[in-house]
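Structure incoming, see below.
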Amino acid sequence: MPPESQKSDRYNAREAEPRWQKIWDERAIFSTRNDDPREKYYVLEMFPYPSGRIHMGHVRNYAMGDVVARFMRARGFSVLHPMGWDAFGMPAENAAMERRVHPKTWTYDNIAAMKSQLKSMGLSLDWSREIATCDPAYYRHQQKMFLDFLAAGLVERKKSKVNWDPVDQTVLANEQVIEGRGWRSGAPVESRELTQWFFKITAFAQDLLDSLDTLERWPEKVRLMQKNWIGRSEGLLIRFALDPASAPGGEREIDVFTTRHDTLFGANFMAVAPDHPLATSAARKNPALAAFIAECKRHGTAQEIVETAEKLGVDTGIRAIHPFDPDWKLPVYVANFILMEYGTGAIFGCPAHDQRDLDFVNRYGLGNVPVVCPPGQDPATFTITEAAYDGPGTMINSRFLDGMNIEEAKEEVARRLEGQMRGDRPLAQRQVNFRLRDWGISRQRYWGCPIPVIHCEACGVVPVPESDLPVELPEDVAFDRPGNPLDRHPSWKHVPCPRCRRPAARETDTMDTFVDSSWYFARFTDPWTTAPTDRQAVDRWLPVDQYIGGIEHAILHLLYSRFFTRAMRATGHLGIDEPFAGLFTQGMVVHETYQTRAGTWAAPAEVRLEGADDSRRAYLLSTGEPVEIGPVEKMSKSKRNTVDPDDIITTYGADVARWFMLSDSPPERDVIWTEEGVRGASRFVQRVWRLVNEAAPHLPPPGAGFGSAPAAGVKSLRVQTHQALADVSNEIERLKFNTAIAKIYTFVNTLEEVVHDPRREFAGEPSYGAAAREGFDILAQMIAPMMPHLAEECWAALGHDTLVAAEPWPEVVESLLQRDTITLPVQVNGKKRADVTVARDAAQTDIEAAVLALVAVQRALDGRKPKRVIVVPQRIVNVVA
RNA sequence: GCGGACGUGGCGGAAUCGGUAGACGCAAGGGACUUAAAAUCCCUUGAGGGCAACCUCGUGCGGGUUCGACUCCCGCCGUCCGCACCA
C-alpha cells in the first residue's frame with residue numbers, strides 16, 4: 001500500500017502528554033542522586049511565589065530551564081534541576097483579611113494547584129527535593145543561620161530612619177522602594193525612625209563590587225546595575241573647625257565627605273541635613289530653623305516632592321573655618337537637599353562646579369567663584385551663571401593649586417590636610433563611601449520567618465537557644481484588624497528569658513521574604529539534612545551553573561543572594577564565593593491589549609479578530625461590539641491581556657506552548673504572544689508527527705548500517721543531518737533557543753523532501769534508508785529538550801523501546817562536515833557577482849585563475865584590469881578593479 | 001541629569017571573527033485537491049527597472065576607516081531600561 005493512503009491520525013497531545021509524564025514519573029528518571037559520580041550541572045529557575053496559578057512568564061522561564069536541563073542530562077552530566085516555593089509573603093495575609101482563609105491554607109492550596117500545572121508542562125524536575133519556605137523544616141535553618149550571623153557580627157539591631165509602607169503597614173528595604181513607592185502596595189513610603197534588625201551587607205560592599213568582574217557569565221547589564229547600586233566613591237573626609245563664638249552647643253567641628261576636594265577654594269557655604277545633630281542643636285534656640293526642619297521632615301523622601309522641590313535652606317548662624325585659611329569663614333546652612341544617610345550628612349558647597357549648590361546660591365544670592373577653568377577658556381573672563389561646570393580643566397583662583405589639573409589638585413589637598421594634625425587626628429583622611437545601605441529585614445507581618453530572639457528587660461536581646469528552634473508561627477491568629485497578629489497574640493510572645501528565666505517577650509517582627517530566597521538554592525542540594533546545609537552536598541553542587549529568571553531581580557534577589565553566600569561562607573555553611581556562575585535574564589511575555597468604548601479592558605479569550613495587517617479589527621465575542629486594539633504590553637491582570645497556560649495546554653498541549661515560547665523571539669527579549677504563532681507551533685507538531693508516521697514503516701530497524709557501497713544521496717543526507725545536529729547543539733549551548741529551532745525547521749524541510757522524493761530512494765535502497773533512519777532518530781532527539789512528549793511519541797513510532805529522555809545526545813560525525821569542495825561567493829569591488837566552486841584545499845593562485853575566468857566576473861570588470869584579488873580562505877573572494 | 005541597551009521586509013527575527021543582508025517562522029497573494037469548508041500540498045513575497053539573462057537601490061540619519069561595514073570609529077535622531085538631590 002502506498003504511504004500516501006496510510007492516513008495517520010493527528011497527534012493527540014491531551015492523550016499523549018499525561019501518558020509520558022506518568023512513565024517518566026514511574027521510572028524516576030529525573031531524580032538526582034548526590035553520589036552520582038558523573039560531572040555535575042546545576043540548572044535552576046527562580047522559584048515561584050504561590051500566587052494561585054502559573055502565568056505565561058512561568059511557562060517561558062521553566063521551558064528555558066527545562067531545555068538546558070534535558071540537554072545537559074543527555075550530554076552525560078548529573079543534572080540537578082529542582083523546584084520549590086517562595087511561600088511567605090503579603091498576599092497570603094491579604095487573602096486572610098479579605099476572605100477569612102488562613103494564610104497557611106491559602107498558600108498550601110495554591111502550591112497544590114500550581115504544582116499540578118507545572119506537572120502538566122512535562123518539566124524534568126526532581127520533585128523529591130521540593131521545598132516551601134513557609135515550612136518550619138525550611139525556616140528553622142534560616143533561624144539557625146540568623147543566630148550564626150548574629151554571633152559573627154553580621155546582624156545588627158539599630159535605630160534608623162526606615163521606609164514605612166502605610167498600606168502594607170510594614171518597613172521596606174531601600175531596594176524595595178521603587179520611585180518612592182512600596183514595591184508591592186505602590187503607596188508612597190513614609191520616613192520613620194524605628195529600631196530594626198539589619199543584615200550588614202555593607203561589610204561586603206567592596207567584595208560584592210570587586211567580584212562582579214568574576215561573573216563572566218552574567219549579563220553585563222545586571223553587573224552594571226549592581227555596580228551602580230553599590231555606588232563606590234573615593235574621596236576625602238575633611239574636618240572643618242567651627243568658629244567657637246558661633247556654635248550654640250559648644251561644637252568644635254564638622255566632618256564633611258567630598259569627592260571634589262580640588263574645589264575647596266571655590267567653597268562659599270556649608271550645609272547640613274535637617275536631621276544632622278548640628279541642625280538639631282542649632283534649632284533649640286532658633287524657632288524659625290526648628291520650623292524649617294520640621295517642614296523638611298514632613299515632606300519625607302517621596303519621589304515627586306524630591307524632583308520638584310526647590311533647594312531651600314536656613315542659615316544656622318554657625319560659621320565654619322576654611323581648612324587652608326583661618327580668617328575665611330563659611331556660613332553653615334541647614335538645607336533640604338542634604339541627605340543624612342550619605343557621607344556625613346554635611347557638605348561644603350562649591351556652586352561653580354556643582355549644579356545643586358549653584359541652584360542653592362542663586363536662590364540666596366551667595367554668588368560663586370569658578371576654580372576649574374575648562375580647556376580653551378580664558379581664566380580672566382570665565383564665569384558661571386546658570387550651569388555648573390563639572391568637566392576637566394585647570395585650577396584657577398585657588399592659591400597654591402593654580403595651574404594644576406583636577407587630579408593633581410585633589411592629591412595636593414589630600415596630602416597637605418593629611419599631614420596636619422588637630423588633636424590626635426589629621427585634618428583629613430582619604431575615605432571610600434558606598435551608596436549601599438545595610439539590609440533592613442524586620443517586617444511587622446505575620447506570614448514570614450520569625451526572628452529568633454527574645455527581649456528581656458534585664459538581659460537585653462537574648463538569642464533563642466538552638467535547642468529551642470524552630471520558633472514556629474502560631475496558627476491561631478486573627479486578621480480582623482490591621483497590624484501584626486503576632487504582636488497581639490495572647491500567649492505566643494510571652495516566654496521566659498532563656499538566660500535569667502524571668503518573664504520576657506519574643507521578637508514579633510518576622511524576616512523580609514527576600515531572606516527566604518537568598519539561600520534556597522543551597523538547601524536544594526540536600527533538603528533532608530538536619531543542618532542548614534550539608535557541606536559535601538553544597539560543595540558538590542554549588543555554584544548554580546545556570547540560573548534563569550527575570551531581570552526585575554537584577555538588584556534585589558541577586559544582590560541579597562550574593563550577600564547571603566558570603567555570610568554563609570563566613571559562618572561555615574558553604575565554601576563558595578558566588579552563588580550563580582551563569583545567569584540568564586529572560587524577557588517578558590507580552591500581548592496586545594483590547595479596550596472597549598466604555599474604557600474597560602477585554603481579555604484575549606473574549607475577543608474575535610478579523611482581517612490582517614492594517615485592517616485588523618477586534619470585536620467582543622459576547623456582543624459583537626468593536627473593541628480598540630491597543631499597544632502590546634506585559635501580560636497583567638489590570639490590562640486583562642493575559643492568556644491562561646491551562647487553556648493553551650488543554651487546547652494545544654504543553655509541547656506547543658513550550659515550542660512557541662522558545663521559537664518566536666530571542667530569549668532575552670520580550671516575546672509577543674499571538675494566536676497565529678501558537679497555531680504555527682501546533683502546525684509544526686502535527687507536521688513532524690505526520691512525517692514520522694509516513695516514514696517509519698519504510699525505515700530499516702534502529703541501528704541499521706550504511707553498507708559498504710552507499711547509494712547516491714546518502715552522503716548528502718548525512719551531511720545535512722550532522723550539520724543540523726552540530727548547529728542545534730551549538731545554539732542550545734549558547735541558550736539561543738530561537739535559532740536552534742530555526743535550524744530544526746530547516747532540517748525538517750530537508751527530511752520532508754526526502755520522504756516526498758518521487759523516486760522513494762529511502763524506501764527501496766537499504767543504505768539510503770539507513771541515512772533516513774539516522775535523520776529521523778536525530779530529529780526526535782533534537783526536539784526532545786523543547787518538546788519532550790512529542791519526542792517520546794516519535795521515538796516510539798520509530799521503533800525504539802527506550803525513552804528519548806534517557807538517551808545520550810547523538811554524536812556529530814565530524815568527518816561528514818569536512819567538505820571536499822567549497823563554494824565561495826565572488827565579489828567584484830565589494831559587490832557579489834558570482835559563486836565559484838573549488839577544491840577545499842585549492843591553492844590561492846588556482847582560485848584566482850578560476851575566478852577571473854568566470855563570465856560574470858569578466859562582465860563586471862567590463863574590460864578593466866583587476867588591480868588585486870583578495871582571497872579569504874574558506875570565506876570569500878573579492879576582485880578589486 | 002547620569003549610566004546602559006537597541007533601531008534590519010507587512011510582522012517576530014537571522015547573519016559566532018569586518019566577508020553572499022533578510023536564514024527560519026508568521027502574515028499576505030496565487031494555484032492544486034474538495035460538491036464545499038477545514039486540513040494538506042505547490043508557487044510568489046525588501047523596493048524599483050527589465051520579456052529575460054540580469055541591473056540599480058537597500059540594515060534610523062550624516063560622515064569616516066577598509067578590497068569589503070547591519071557589524072568598527074565620530075556626530076546626530078528615535079525607542080526602551082536602570083539609577084536619580086549620593087556631595
Side-chain angles (χ1 to χ4, degrees), chain A residues 10 178-180 219-222 224-229 231-233 235 256-261 263 271 273 301 303 306-307 309 311 335-339 341-350 354-357 359-360 390 433-436 551-552 554-555 611-614 616 660 663-666 668-672 674-681 683-684 686-687 690 730-731 734 736 738-749 752 756 823-835 855-856 859-860 866-870 872 874-881:
Chain A
R10 284 176 66 80
I178 321 278
E179 293 182 349
E220 190 55 43
K221 179 185 171 73
V222 174
L224 192 68
M225 280 167 70
Q226 292 212 356
K227 184 174 177 231
N228 292 338
W229 187 264
R232 183 185 201 272
S233 54
V256 164
F257 175 73
T258 179
T259 55
R260 289 302 303 272
H261 31 293
T263 65
T301 54
Q303 189 63 26
V306 164
E307 265 181 9
K311 308 269 180 283
N336 64 351
F337 63 99
I338 310 300
L339 305 174
E341 294 78 37
Y342 189 79
T344 61
I347 61 147
F348 77 81
C350 177
D354 183 298
Q355 192 61 46
R356 293 158 301 168
D357 296 348
D359 294 345
F360 186 76
D390 61 2
N433 246 287
F434 292 95
R435 207 188 77 106
L436 185 69
I551 185 79
E552 67 272 18
I555 294 174
D613 299 334
D614 289 348
R616 287 175 77 240
F660 174 60
S663 67
D664 222 43
S665 286
E668 69 279 6
R669 255 187 256 179
D670 291 351
V671 62
I672 306 172
T674 61
E675 192 61 29
E676 291 79 19
V678 179
R679 279 205 298 269
R683 217 159 29 230
F684 179 72
Q686 297 300 340
R687 193 169 148 225
R690 226 171 19 241
N730 182 28
E731 300 292 297
R734 300 195 308 144
K736 293 253 182 181
N738 57 324
T739 47
I741 283 175
K743 304 282 188 193
I744 292 176
Y745 272 114
T746 309
F747 183 54
V748 168
N749 291 342
E752 202 157 56
H756 292 162
T823 300
L824 297 173
V826 177
Q827 297 180 332
V828 177
N829 287 334
K831 282 201 173 71
K832 196 210 163 189
R833 298 294 178 183
D835 289 305
V855 179
R859 189 174 48 220
K867 290 198 194 93
R868 241 175 108 189
V869 179
I870 294 158
V872 184
Q874 317 286 319
R875 280 219 173 262
I876 202 165
V877 182
N878 192 10
V879 181
V880 185

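None of the values given here were measured: they were computed from a predicted structure. Naming convention: chains lettered A, B, ... in sequence-line order (proteins, then strands); numbering from 1 in each chain.
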Assign B:C17 to syn or anti; the rule is syn for a glycosidic angle within 90° of 0 and anti otherwise.
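Syn, angle within 90° of zero.
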Whole-Å distance separating the CG atom of A:D835 from the P atom of B:G19
17 Å
To the nearest 0.5 angstrom, please state how far the NZ atom of A:K311 sits from the CD atom of A:Q355.
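One gets 9.0 Å once the value is rounded to the nearest 0.5 Å.
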In whole Å, what is the span from the CZ atom of A:R687 to the C1' atom of B:C24?
11 Å
Is a side-chain donor or acceptor of A:T674 paired with a backbone partner of A:G677 at a separation under 3.5 angstrom?
yes
Derivation of the side-chain contact (heavy atoms from CB on, under 4.5 Å) call for A:V828 and A:R833
CA-CA 6 Å; A:V828 177; A:R833 298 294 178 183; 3.8 Å; yes
Any side-chain N or O of A:R356 under 4.0 Å from OP1/OP2 of B:C86?
yes
Qualifying residue, where the test is side chain to side chain contact (heavy atoms under 4.5 Å, CB included) with A:D664 and the options are A:V671, A:I672, A:I741
A:V671
Closest approach to the side chain of A:W229, judged atom by atom: which nucleotide of B:C24, B:C54, B:C83 is it?
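Selected nucleotide (nearest to the side chain): B:C83.
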With rounding to the closest Å, how many angstrom separate the P atoms on B:G46 and B:A23?
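Per the computed distance, 8 Å lies between those P atoms.
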Check the phosphate of B:C55 against A:R833, side-chain N and O only, distance under 4.0 Å to OP1 or OP2. Yes or no?
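True: A:R833 side-chain N/O within range (under 4.0 Å) of B:C55 OP1/OP2.
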Can you check the distance between B:A47 and B:C42, where both ends of the measurement are the C1' atom (answer in whole Å)?
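Per the computed distance, 26 Å lies between those C1' atoms.
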Any heavy-atom pair between the side chains of A:V826 and A:K832 that's under 4.5 Å?
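They are not in side-chain contact.
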Ignoring backbone atoms, test whether A:R616 places a side-chain nitrogen or oxygen under 4.0 Å from the OP1 or OP2 oxygen of B:A28.
no
Presence of A:Y342 side-chain N/O under 4.0 Å of B:A87 phosphate oxygens OP1/OP2
yes
Does a nitrogen or oxygen in the side chain of A:K743 sit under 4.0 Å from OP1 or OP2 of B:A14?
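It does not, given that no N or O in the side chain of A:K743 lies less than 4.0 Å from OP1 or OP2 of B:A14.
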Out of B:A21, B:C24, B:A14, minimum distance to the side chain of A:K832 belongs to B:A21
When you check the side-chain N and O atoms of A:R687 and A:N749, is any donor under 3.5 Å from an acceptor?
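Checked: A:R687/A:N749 side chains pair up, N/O donor to acceptor below 3.5 Å.
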Pairwise 5' ranking along RNA chain B for A:A860 and A:T259, keeping only the more 5' one:
A:A860
With a 3.5 Å distance limit and no angle check, can you tell me whether A:N829 reaches the backbone of A:V880 through a side-chain donor-acceptor pair?
no
OP1 or OP2 of B:G3 versus the side-chain N and O atoms of A:R435: is any pair under 4.0 Å?
no
Inter-nucleotide P distance (B:U16, B:C72), Å rounded:
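My reading of the P atoms in B:U16 and B:C72 gives 12 Å.
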With nearest nucleotides of RNA chain B determined for A:E752 and A:N228 from heavy-atom distances, which residue corresponds to the more 5′ nucleotide?
A:N228
May I have the distance from A:Q226 (atom CD) to B:G4 (atom C1'), rounded to whole angstrom?
15 Å
Could I get the full list of side-chain contact (heavy atoms from CB on, under 4.5 Å) partners for A:T259, not counting sequence neighbours?
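Counting only residues at least two positions away or on another chain, A:T259 forms a side-chain contact (heavy atoms from CB on, under 4.5 Å) with A:S233, A:F257.
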Can you check the distance between B:G25 and B:A14, where both ends of the measurement are the P atom (answer in whole Å)?
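Nearest-Å result for B:G25 against B:A14 at atom P: 15 Å.
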When the distance from CD of A:E676 to P of B:A28 is rounded to whole Å, what number comes out?
8 Å
Counting heavy atoms from C-beta on, name the nucleotide in B:G12, B:A14, B:A84 closest to the side chain of A:S665.
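Looking only at side-chain atoms, A:S665 lies closest to B:G12.
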Side chain of A:K221, heavy atoms from C-beta onward: which of B:C81, B:U20, B:C41 has the nearest atom to it?
B:C81
Check if the side chain of A:R734 and the base of B:U16 share a donor-acceptor pair of N or O atoms closer than 3.5 Å.
yes
Whether the side chain of A:D835 engages the backbone of A:T823 through a donor-acceptor N/O pair (distance < 3.5 Å, no angle test) should be reported.
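No; judged by distance alone, with no hydrogens or angles, the pair does not exist.
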Check the interface with nucleotides 63-67 of chain B: list each N/O to N/O pair with the protein under 3.5 Å, or write none.
from  : atom 1 : to     : atom 2 : distance (Å)
B:C67 : O2'    : A:N878 : ND2    : 3.3
B:C67 : O2     : A:N878 : ND2    : 2.5

Quick one: is B:G12 close enough that its OP1 or OP2 comes under 4.0 Å of any side-chain N or O from A:R669?
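Looking at the OP1 and OP2 atoms of B:G12, neither is under 4.0 Å from any side-chain N or O of A:R669.
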Can you tell which of B:C24, B:A14, B:G19 lies closest to the side chain of A:I876?
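For A:I876, the side-chain atoms sit closest to B:G19.
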Check the chi torsion on B:G49 and let me know: syn if it falls within 90° of 0, anti if not.
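It is anti.
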